[in-house]
Amino acid sequence: MKTQINGTDILELGFPEGKIIGIALKINSKRNGFTRDEMIANFKNVLETPENYIDDKIFSKLAVALIEKSNEKPEDFIALNENPNAYSAYGLDHIEDGARKQMEVAMKLPVTVAGALMPDAHQGYGLPIGGVLATKNAIIPYGVGVDIGCRMALSVYDIPEDFYFENEAKFKRELIANSIFGAGHGFHGQYKSDHAVLENETFNMNPFVKNLKDKAWSQLGSSGGGNHFVEFGIMEFAKDDAVLNIPKGKYVALLTHSGSRGMGATIAGHYTKIAKDECKLPEVAKNLAYLDMNSQLGQEYWFAMNLAGDYASACHEIIHNKMERALGATILAKVENHHNFAWKEIWNGEEVIVHRKGATPAGKGVMGIIPGSMTAPGFLVRGKGEENAINSASHGAGRQMSRTQAIKNITPTEMKSILRDHGVTLIGAGLDEAPMAYKDINQVMEAQQDLVDVVAKFTPKLVRMADDGSRED
């Protein structure tokens, strides 16, 4: 039986559009004795090192085409810097080669000033997830990411630990009643929420952004798919925290993770395409296409990105307000931080654009939340302002299995067993979000002791995620 691979599969590996896809599909159509996974692995290897396949009986034509494509230079071609500065990395022994290579390419951009790789890093599109990149007067849509403004939000309640275990059914009922998940899902009619973000003037910036307002209103207060969650857990302060004014003890807390939903994804796709048209980088760097901050397009994206960030924050605010009212609780502390964003910051005395794609801001004294998995602890942290890390830390444990690998290698029985062992009740989620798909959060935290101080530990107890197999949108 022939290996079933289509053009989309080839594109997802990172192959350029055009005739090269046809060459790959033609190779795949022949009976070469490879399984689907073996053929995918071969294609990936040819893409990464085509020079090793120039004389290969099966893949030589594809290798030559890739080399020729990489040497194409349009008139407005932008050359990479072949002598880039080094980047800082934390927990490098546990970071996959793909993420390292992507970071190396990002450092070669002519606009790059500095870079850092967080210990939860893994391969993404353009900048690796867990990558931090400071640029001079340039903004990279894929350096921000597809889910613009994706963030963590935490409410610590004046509810003692014992109350949760005595009233778990109530917490479960309120969690289901006050959260909604899944790609495309939203609210209608009387169930829609209102928020000042909908009156933001940026919605009137241009027709493209204006047309996103209705969808944004519908999805306001929802959580999307993929690794987004709303969960109750126990927050343990091992000692008094004077800054937050919280005494030592264990408290019930609400932790949420989601971003700017369909609006942010649409903005990311639109301006990434524009950036690629405007910024002709070599094939290896095409997903790092950037916009000049002095240009109209650069300013458009900047304002749209900030709108998406404000919108993501509003979604969390609505969820937390609903839960606060439902529980009748007093909030002792609220902490929120976003990743998948870009900030104007001062670096070595000059203003730069700091992209944190899956990285937590960790300036001196800045609060952040770094989750583990649905069974592993998360941590409330305070940044140390480490300049080598560009004032950043990880945004979680990071994946050690792709979604496809997790679905293939983890059984429902294994997932139920680990949830039971940790006393976690799960509503929704698929095998792609199983705890085993993630790195060891304790190992990740060990690798970034120079970046953050741990203030408190969060242990998940009741977790809700999308159950329709959708990814973040």
Side-chain angles (χ1 to χ4, degrees), residues 88-96 99-100 116-123 128-132 152 154 156 161 227 229 231-239 241 248-251 253 255-257 335 337 339 356 358-362 366-384 386 388-389 392-402 405-406 409-410 414-415 417-426 429 432-463 465:
S88 301
Y90 300 84
L92 196 57
D93 290 344
H94 301 285
I95 297 175
E96 64 187 9
R100 298 188 201 189
L117 203 54
M118 299 298 105
D120 62 336
H122 54 99
Q123 190 168 338
I129 297 161
V132 182
M152 307 298 306
L154 171 75
V156 182
E161 176 186 25
N227 60 0
F229 59 76
E231 61 189 30
F232 284 112
I234 306 302
M235 181 65 75
E236 180 181 4
F237 287 80
K239 58 184 181 181
D241 189 83
K248 172 184 175 180
K250 295 182 179 180
Y251 306 85
L255 184 61
T256 55
H257 174 222
V335 176
N337 70 261
H339 41 264
R356 293 187 177 95
T360 300
V366 173
M367 301 298 298
I369 307 128
I370 301 175
S373 71
M374 62 178 69
T375 58
F379 297 90
L380 177 61
V381 299
R382 188 170 283 123
K384 291 186 173 183
E386 174 54 53
N388 288 331
S392 306
S394 82
H395 82 313
R399 297 191 74 94
Q400 63 178 354
M401 290 186 197
S402 69
Q405 287 173 326
N409 295 306
I410 300 169
E414 289 172 330
M415 186 164 170
S417 177
I418 194 170
L419 288 167
R420 184 173 60 250
D421 290 346
H422 286 81
V424 173
T425 300
L426 176 64
D432 56 332
E433 284 300 321
M436 303 82 93
Y438 286 86
K439 295 179 183 179
D440 181 349
I441 185 62
N442 294 305
Q443 192 176 72
V444 169
M445 295 305 293
E446 178 75 19
Q448 56 185 347
Q449 291 184 68
D450 292 340
L451 313 186
V452 292
D453 285 318
V454 173
V455 175
K457 182 172 80 170
F458 175 86
T459 303
K461 287 299 171 187
L462 180 59
V463 180
M465 304 182 78

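Residues take their numbers from the sequence shown, with the count starting at 1.
Closest approach of Ala99 and Pro128 over heavy atoms only: O-CG, 3.6 Å. Between Gly358 and Asp120 the shortest heavy-atom distance is O-OD2, 4.0 Å. Considering all non-hydrogen atoms of both residues, Pro377 and Pro460 come closest at CA-CD, 4.3 Å. Of all non-hydrogen atoms in Asp93 and Arg100, the two that sit nearest each other are CA-NH2, 4.2 Å. The two residues Asn388 and Ala116 make their nearest non-hydrogen contact at O-CB, 3.9 Å. Of all heavy-atom pairs spanning Ser392 and Ala362, the tightest one is C-CB, 3.6 Å.
Under a 3.5 Å cut-off, the side chain of Arg382 and the backbone N or O of Val455 do not form any donor-acceptor pair. Not one N or O on the side chain of Thr375 forms a donor-acceptor pair closer than 3.5 Å with the backbone of His422. Although no hydrogens or angles enter the test, the distance criterion places no donor-acceptor pair under 3.5 Å between the side chain of Arg356 and the main chain of His395. The main-chain N or O of Tyr90 is never found under 3.5 Å from a side-chain atom of Gln448 such that the two would form a donor-acceptor pair. For the pair Lys439 (side chain) and Ile95 (backbone), a donor-acceptor distance under 3.5 Å is absent. A donor-acceptor distance shorter than 3.5 angstrom exists from the side chain of Thr360 to the backbone of Ser394, with no hydrogens or angles considered. Between the side chain of Glu236 and the backbone N or O of Ala238, no donor-acceptor pair lies under 3.5 Å.
If you take NE2 on His339 and CE on Met118, they are separated by 14.0 Å, rounding to the nearest 0.5 Å. Between Met235 atom CE and Leu255 atom CG the span is 7.0 Å, to the nearest 0.5 Å. Note that the CE atom of Met152 and the OG1 atom of Thr256 stand 6.5 Å from one another [nearest 0.5 Å]. Atom CZ of Phe458 is separated from atom CG of Leu154 by 7.0 Å, given to the nearest 0.5 angstrom. Between atom CD of residue Gln400 and atom CD of residue Glu96 there is a gap of 10.5 Å, rounded to the nearest 0.5 Å. Here the straight-line distance linking atom CD of Glu161 with atom CD1 of Ile234 works out to 5.0 Å at 0.5 Å rounding.
Taking 4.5 Å as the limit, some side-chain heavy atom of Asn442 sits within range of a side-chain heavy atom of Phe379. Contact annotation: the side chain of Pro371 never approaches that of His257 to less than 4.5 Å [non-hydrogen atoms, C-beta and beyond]. Residues Met415 and Met374 are in side-chain contact: their nearest non-hydrogen atoms beyond the backbone lie under 4.5 Å apart. Side chains of Lys384 and Leu451 form no contact here, defined as non-hydrogen atoms less than 4.5 Å apart. Inter-residue side-chain proximity for Ile441 and Ile370 is flagged as met; some heavy-atom pair is nearer than 4.5 Å. Counting heavy atoms from C-beta on, the side chains of Thr459 and Lys250 never come closer than 4.5 Å. In this structure, the side chains of Phe229 and Glu433 stay at 4.5 Å or more apart for every pair of heavy atoms.
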Intermediate values then yes/no, side-chain contact (heavy atoms from CB on, under 4.5 Å), Met445 and Val381: CA-CA 10 Å; Met445 295 305 293; Val381 299; 4.0 Å; yes

CA sep, side-chain torsions, deciding dist, call: His94, Asp440, side-chain contact (heavy atoms from CB on, under 4.5 Å): CA-CA 10 Å; His94 301 285; Asp440 181 349; over 6 Å; no

